[in-house]
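The block underneath contains the structure these notes are about, expressed in structure tokens.
First the proteins, then the strands, lettered A, B, ... as listed; each starts at 1.
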Number of protein chains: 4
Amino acid sequence: MTETTGTAGQRADLVRNRRLLLGAATEAFAERGVEVSMGEIAQRAGLAKGTVFRHFASKDDLLAAIMLQLLDRLTGTADRLLQADDPALALREFMTSGVEALATDRAFCEVVGRPSLQHPEVREAINQLCEVAEALTARAREHGAVRDDVTGTDIVLLLGGIHQTAAPLLAAQPQAWRRYLELALDGLHVPNPRALPEQPPRHLPLDDPPEAG
Amino acid sequence: MTETTGTAGQRADLVRNRRLLLGAATEAFAERGVEVSMGEIAQRAGLAKGTVFRHFASKDDLLAAIMLQLLDRLTGTADRLLQADDPALALREFMTSGVEALATDRAFCEVVGRPSLQHPEVREAINQLCEVAEALTARAREHGAVRDDVTGTDIVLLLGGIHQTAAPLLAAQPQAWRRYLELALDGLHVPNPRALPEQPPRHLPLDDPPEAG
Amino acid sequence: MTETTGTAGQRADLVRNRRLLLGAATEAFAERGVEVSMGEIAQRAGLAKGTVFRHFASKDDLLAAIMLQLLDRLTGTADRLLQADDPALALREFMTSGVEALATDRAFCEVVGRPSLQHPEVREAINQLCEVAEALTARAREHGAVRDDVTGTDIVLLLGGIHQTAAPLLAAQPQAWRRYLELALDGLHVPNPRALPEQPPRHLPLDDPPEAG
Amino acid sequence: MTETTGTAGQRADLVRNRRLLLGAATEAFAERGVEVSMGEIAQRAGLAKGTVFRHFASKDDLLAAIMLQLLDRLTGTADRLLQADDPALALREFMTSGVEALATDRAFCEVVGRPSLQHPEVREAINQLCEVAEALTARAREHGAVRDDVTGTDIVLLLGGIHQTAAPLLAAQPQAWRRYLELALDGLHVPNPRALPEQPPRHLPLDDPPEAG
DNA sequence: GATGAATGAGTTTTCATTCAT
DNA sequence: GATGAATGAAAACTCATTCAT
């Protein structure tokens, strides 16, 4: 009978509060975009403002943590799907769960170009996601389930694009994204396509934007 | 009979200032998203802050005016393309100019769900755009250039989606949207497609979002 | 009869408010040190918080402006005293008015080492003050009214030192600084003194302190 | 009979922690002024924040404890120097060690007028210091080594003043205070001085400052 | 009509202090 | 007694909007 109260109790609260905060923040950002205030997030989590800052040193850190959470989830899913039997189905499932994860998230598109994306951990997570997406795509490609000129990074980018396509319908038709996902998938395995224009992206460029100055 | 600059001159100034403001605001919102301050917009236009508010009663009104401008431009283009000989090409050109218009615009996705979209004029303009896009799509459909189950509203939504897909590449590859436009077009005229899931949208629902309360 | 209302009226208010703010801030900092909040300064000036920031972009800017005001006043005094007949008396009067200017100022010593002192204008003003103090000292030196090994910068530094000596007595004996000024002056024209140790300072070093890190 | 570490061990820890804290706080306040946070002091001491508050009920208490430490040290030094053979040298040594103790301390001048100085123990310590300084000064006076109209409290006040004079040079010339100490000493034994103006202070008045209300 | 100064509510962030473990 | 998480008051600063000139 191993007793584990004491310091463990505090740590348990810590973990619980971190979860509360991430949950509240994920929800709040999803609903109202990055403009929700830290104060509101605190309130939603039922905690004091100071506590938010104890867990996340700045708003950008919080945003970064949320992105990280999302990216890790997607990478995990992709990793698992690499083991699937049907490569075409695997890719479809990856995209399905990817767009679904984004589906209700207003903050997602606003975060593009923000410092949160520059956090080393986030950059690393993005790169990992692109890599595993590339592996998934390569398998599909080899099985003729996806056109040759499409990369894993294309697939990752499409997640956001599909989400955004359906975004204005969100309130009226929460599943509308499925429609555009299907459309994209159809575009992805056109049999003898004309080659796509522009360089196929190999990764997401995350350097600091060249400040005009 | 040459008019002395009197009231007429003032009106000319009014028009000129409005143009300056819209130009400056369009640029500013495109580059930095909706978070640019009214002060910066005034500065970019070379006018005083008070003047901005004389022309646009609030920031949301200004955003609405800019949306309106964009929507009217797109509607105009679509109108013109309705006269084109090749319906398939016409649709492609509409989408090309549509995505291009969005291509460098950071504010575009952030405006979704904002009160600016609720302005009656904007709603009306969105509906008009969807209608003319529907006409354009119908013609393409009849010529077998587009699958049956795709609506004009789908096409309008795709503009934003394609833009968003390429957005993270913007700095590195400003033309990357052409890649995803091509992919979407390929999806749009798959020969014998499985029907797309979910209701085909007939218009954009623009009701006040159900305030979580 | 030159009419000068109109834009001039606004500017008049601007100037008036700037004066109100500098006055309020000077008083507040003097009484309670640099820790007084911008909010309190606004209140004392009878203005809104935002107005303080319109005039002074940051608290350090405000502090800098106050230092500048003080330094310019001292430099002006010194300049005028350069014309005086009696060099010894001139130096004494300079120091008197200098210490008196500092006499009620709690913020003065706290500002040492703060970024406010790094403002280019403040640095320049400090250097100017040291220069004119040197001129004043040189004249006194030539007339045998001050020992040879004392510089203008020594004199400037002494102002703060004399002030600080009397500071704890301020409430009980507001003029106590005169006592320590006299003592310092006696030290300054000891007839055949042993040379003072340490390098005589030629100017105040105002470089950024070498951040440990 | 060797004591097993029990309550005694705990008490030893208590003493040790108090020492750690005083050491860390002394350093921190000296380097960065009274604005250092309790958190940083805890960190420097290698202890938790809660522990700081167990030892010192408030930040002002901690400041008071540090002042007390300094004052006691000076009083001790003065006490010892009362036994010295040469009264002039004794006074010089007292002042030297006094200014040296202050020399690197940024917090010192900021504490003037703070509630920390109102702590009964601190007031008592200040009075003791003034008394023993008076004794030291009296001896020097009797031997003609110091002018008649200078009190022990003058001497104590001069310590802070000399320190402040050199403070702006601290980074560039850490020993600059020796220069101003010498200057002050020269002022202190001018042979036939004019009497100093203002009441010679007999003690430091430490009443609550008359709150402007 | 244009200007830009003033406003003040709102935001992020810090920090002394409390208190459950 | 020690710990460090939580608290919440207060600070600096921003910005849409108003309004006197």
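- If you measure from atom CD of E40(B) to atom P of dC15(F), you get 9 Å, rounded to the nearest angstrom.
- Toward the 5′ end of DNA chain F lies the nearest nucleotide of R54(A), the other residue of the pair V34(B) and R54(A) mapping further downstream.
- Remark: dT14(E) base-pairs with dA9(F). Criterion, Watson-Crick or G-U wobble with two distances under 3.5 Å.
- With values rounded to the nearest 0.5 angstrom, F29(A) atom CZ is found 3.5 Å from I41(A) atom CD1.
- Atom CD1 in I41(C) sits about 12 Å away from atom C1' in dA11(F), given to the nearest Å.
- Summarising the geometry, the separation between CZ on R32(D) and C1' on dC15(E) is reported as 13 Å, rounded to the nearest angstrom.
- Per the geometry, CE belonging to M38(D) stands 11 Å off P belonging to dT18(E), to the nearest Å.
- In this structure, the CZ atom of R18(B) is 13 Å from the P atom of dA2(E), given to the nearest Å.
- Minimum atom distance to the side chain of L14(D) is reached by dA2(F), of the listed dA2(F), dA16(E), dT13(E).
- Pairing for dT21(F) is with dA2(E), a Watson-Crick or G-U wobble pair whose two hydrogen-bonding atom distances lie under 3.5 Å.
- Side chains of N17(D) and H55(D): a donor-acceptor N/O pair is absent below 3.5 angstrom, by distance only.
- Taking for each of A57(A) and V52(B) the nucleotide of DNA chain E with the nearest heavy atom, the 5'-most of the two is the partner of V52(B).
- Under the 4.0 Å criterion applied to side-chain N and carboxylate O atoms, R44(A) and E31(A) are assigned as salt-bridge partners.
- When each of S37(B) and K49(A) is assigned the nucleotide of DNA chain F bearing its nearest heavy atom, the one mapping closer to the 5' terminus is K49(A).
- Rounding to whole angstrom units, CZ of residue F56(C) and P of dA5(E) are separated by 13 Å.
- Not a single donor-acceptor pair under 3.5 Å links the side chain of E110(B) to the backbone N or O of G33(B).
- One can place CG of D60(C) at 8 Å from P of dC13(F), the figure rounded to the nearest angstrom.
- Atom CG in L47(C) sits roughly 17 Å away from atom P in dC19(F) (whole-Å rounding).
- The phosphate of dG1(F) has neither OP1 nor OP2 within less than 4.0 Å of any side-chain N or O from N17(D).
- T51(D) comes within contact range of at least one nucleobase, with a heavy-atom separation under 4.0 Å.
- A salt bridge links R114(A) with E35(B); the closest basic N to acidic carboxylate O contact falls under 4.0 Å.
- Among the atoms of the strands shown, only primed sugar atoms or phosphate atoms (P, OP1, OP2) are found under 4.0 Å from some heavy atom of K59(A).
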